[in-house]
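Here's the structure we're looking at; comments come further down.
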Amino acid sequence: MPADYYEVLGVPRTAPEGDIKKAYRQLARKYHPDVATDKAGAENHFKEINEAYEVLSDPQKRANYDRFGHAGDQTGGFGGFAAEGFGDIFDMFFGQQRAGSGAAGRANGPQRGSDLRYDVEITLEEAFAGTQREISFRHLASCTTCKGSGAEPGTLVVPCDRCGATGIARQVRQTPLGQFVTQTTCGKCNGEGQVVQQPCHVCRGRGRIEQDKTLTVKIPAGVDDGSRIRLSGSGEAGLRNGPDGDLYVYLSVRKHEVYKRDALHIYAEVPISFPTAALGGDIRVTALDGEHTLNIPAGTQTGSQFRLRGHGMPAVRGGVRGDHLVTVRIAVPTKLGKRERELLEEYQRANADEDSDRSFFDRVKEAFKAE
């Protein structure tokens, strides 16, 4: 005797349609031959599940079953697998969408335009102060003649009669497990779901045309290498009244001959003379925001680093400034005059006199002051 359909799905006879469909999905997922370990047993049970769902998911067939039981096969007919229900399980396992379902209707809806990228190189000085650049590029713009519809003005855009305006061609295959529904992009409307009676003579029915576009891009102060500026709505035009894409301007900062950047800090090397390093003194240092005075203490060694606070790069959002860090290198003269040589030789002799109670720097000061 055939099993009771309600028992097959494990639902009471008063179960609403939603509970029946939920139970069917759970059982079908469990006993689908492609995932079950017991292939033979799962195939038979899977057929029972589909047969039960075909009857109980149809209000008229369910009423006949509730009244006549399995005798309804002769009064109204239940046979075969549930094409709709089996399609749901096909979606579940193979990721395909049945024609007429929600996803199919999106094929001919508005579509956002593509984003574009433009690369700009700037100098470190421009990154510090901020600048602006005029850029030109080609992009797909909405056709002004047909206003993006693709149809010649005065003609109509009509639903595709081959796919029923879904954009999807549907095929049904009979298999030992029932009906398998597959879908492909409609060849007549190319998935648009609609066709134009007469294509626009300007864009040839595409709704968009290639155009040159020129924009002025404002580059804020403080940008770093790899920074990105987004220009909303300046990318490709959308399809079927969809929104335009965006333009992304990527910045690269050219390598500087003198300065090196690390986040908001600027690093530089400055040569100083031996007397300045030994005796101390003020030097002039050029940063990105101008010249500054830097005091060098007596006895400074080569490689010493000094910080000019607040004279580095500004933050893009403002309110913060980095530092300018100076590393000093003692410059050794390549040519010496007679007097310079005499002074250095005197310094050398003084430095070698270990018995002297005068300090090294006292000797140096005295030597350089002597005439």
Side-chain angles (χ1 to χ4, degrees), residues 117-133 135 217-230 248-337 340 343-344 347-348 350-351 359-369:
R117 170 174 177 157
Y118 194 97
D119 294 326
V120 171
E121 184 184 62
I122 60 175
T123 64
L124 184 61
E125 288 82 359
E126 289 174 324
F128 171 81
T131 186
Q132 63 182 29
R133 289 289 175 84
I135 63 173
V217 181
K218 293 183 178 180
I219 302 173
V223 294
D224 204 349
D225 191 69
S227 296
R228 187 181 73 172
I229 299 174
R230 174 174 172 262
Y248 289 91
V249 178
Y250 282 79
L251 303 174
S252 61
V253 181
R254 191 181 309 148
K255 185 177 180 180
H256 201 277
E257 295 180 355
V258 176
Y259 304 125
K260 291 183 179 179
R261 178 179 181 177
D262 182 12
L264 297 182
H265 299 320
I266 297 295
Y267 294 82
E269 290 189 355
V270 174
I272 60 174
S273 67
F274 173 75
T276 301
L279 304 175
D282 291 337
I283 64 171
R284 297 293 291 172
V285 174
T286 302
L288 287 170
D289 60 351
E291 284 196 351
H292 303 277
T293 299
L294 178 64
N295 179 260
I296 304 297
T300 294
Q301 303 297 306
T302 188
S304 298
Q305 190 176 79
F306 300 91
R307 184 184 299 267
L308 294 172
R309 296 191 179 277
H311 294 288
M313 294 293 295
V316 175
R317 298 184 183 277
V320 180
R321 285 279 295 270
D323 301 331
H324 186 93
L325 293 101
V326 177
T327 301
V328 296
R329 302 292 180 189
I330 298 176
V332 178
T334 57
K335 294 182 179 181
L336 294 174
E340 292 170 334
L343 291 173
L344 285 176
Y347 152 72
Q348 188 178 36
N351 191 41
S359 70
F360 163 74
F361 288 108
D362 288 339
R363 297 170 187 274
V364 173
K365 291 179 181 178
E366 183 178 328
F368 278 96
K369 288 179 181 178

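Listed by chain and residue number, Arg307 satisfy the side-chain hydrogen bond (donor to acceptor under 3.5 Å, both in side chains) test with Asp323 (two or more places apart in sequence, or in another chain). Applying the ring pair (Phe, Tyr, Trp, His ring centres under 6.0 Å) criterion to Phe306, with sequence neighbours excluded, gives no partner residue. Residues that satisfy the side chain to side chain contact (heavy atoms under 4.5 Å, CB included) test with Glu257, not counting sequence neighbours, are absent from this structure. Partners of Asp119 according to the salt bridge (charged side-chain N to carboxylate O under 4.0 Å, His left out) rule, which considers only residues two or more places apart in sequence or in another chain, are Arg117. Among residues two or more places apart in sequence or in another chain, the salt bridge (charged side-chain N to carboxylate O under 4.0 Å, His left out) test is passed with Arg228 by none. Judged as a salt bridge (charged side-chain N to carboxylate O under 4.0 Å, His left out), and not counting sequence neighbours, Glu125 has no contacts. Applying the salt bridge (charged side-chain N to carboxylate O under 4.0 Å, His left out) rule to Arg317 yields no partners; only residues at least two apart in sequence or on another chain are considered. With sequence neighbours left out, the side chain to side chain contact (heavy atoms under 4.5 Å, CB included) criterion links Val223 to Ile122, Ala127, Ile219, Pro220, Ser227, Leu251, Val316. For Ala315, the side chain to side chain contact (heavy atoms under 4.5 Å, CB included) partners at least two apart in sequence or on another chain are Leu264, Val320.
Taking the six-membered ring where tryptophan is involved, the planes of Tyr259 and His324 are perpendicular, since the angle between them exceeds 60° and thus also 30°.
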Only pairs under 3.5 Å count here: list side-chain donor-acceptor contacts from residues 271-281, not counting sequence neighbours, and write none if there are none.
{"unit_1": "Ser273", "atom_1": "OG", "unit_2": "Thr276", "atom_2": "N", "d": "3.3"}
{"unit_1": "Ser273", "atom_1": "OG", "unit_2": "Thr276", "atom_2": "OG1", "d": "2.8"}

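Closest heavy-atom contact between Asn295 and Pro297: O-CD, 3.6 Å.
In this structure, Arg133 pairs ionically with Glu126, as a charged nitrogen and a carboxylate oxygen lie closer than 4.0 Å.
The salt bridge (charged side-chain N to carboxylate O under 4.0 Å, His left out) analysis of residues 277-286, with sequence neighbours excluded, yields the pairs Arg284-Glu291. Each side-chain hydrogen bond (donor to acceptor under 3.5 Å, both in side chains) pair with one or both residues in residues 261-272, not counting sequence neighbours, appears once here: Glu269-Arg329.
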Would you check, one step at a time, whether the test side-chain contact (heavy atoms from CB on, under 4.5 Å) holds for Val326 with Leu294?
CA-CA 9 Å; Val326 177; Leu294 178 64; 4.2 Å; yes
Determine whether Leu124 and Leu288 satisfy the following criterion, side-chain contact (heavy atoms from CB on, under 4.5 Å), listing intermediate values before the conclusion.
CA-CA 9 Å; Leu124 184 61; Leu288 287 170; 4.3 Å; yes
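Between Arg321 and Met313 the shortest side-chain heavy-atom distance does not fall below 4.5 Å.
Rounding to the nearest 0.5 angstrom, the gap separating the CG atom in Leu308 from the CG atom in Asp289 is 8.5 Å.
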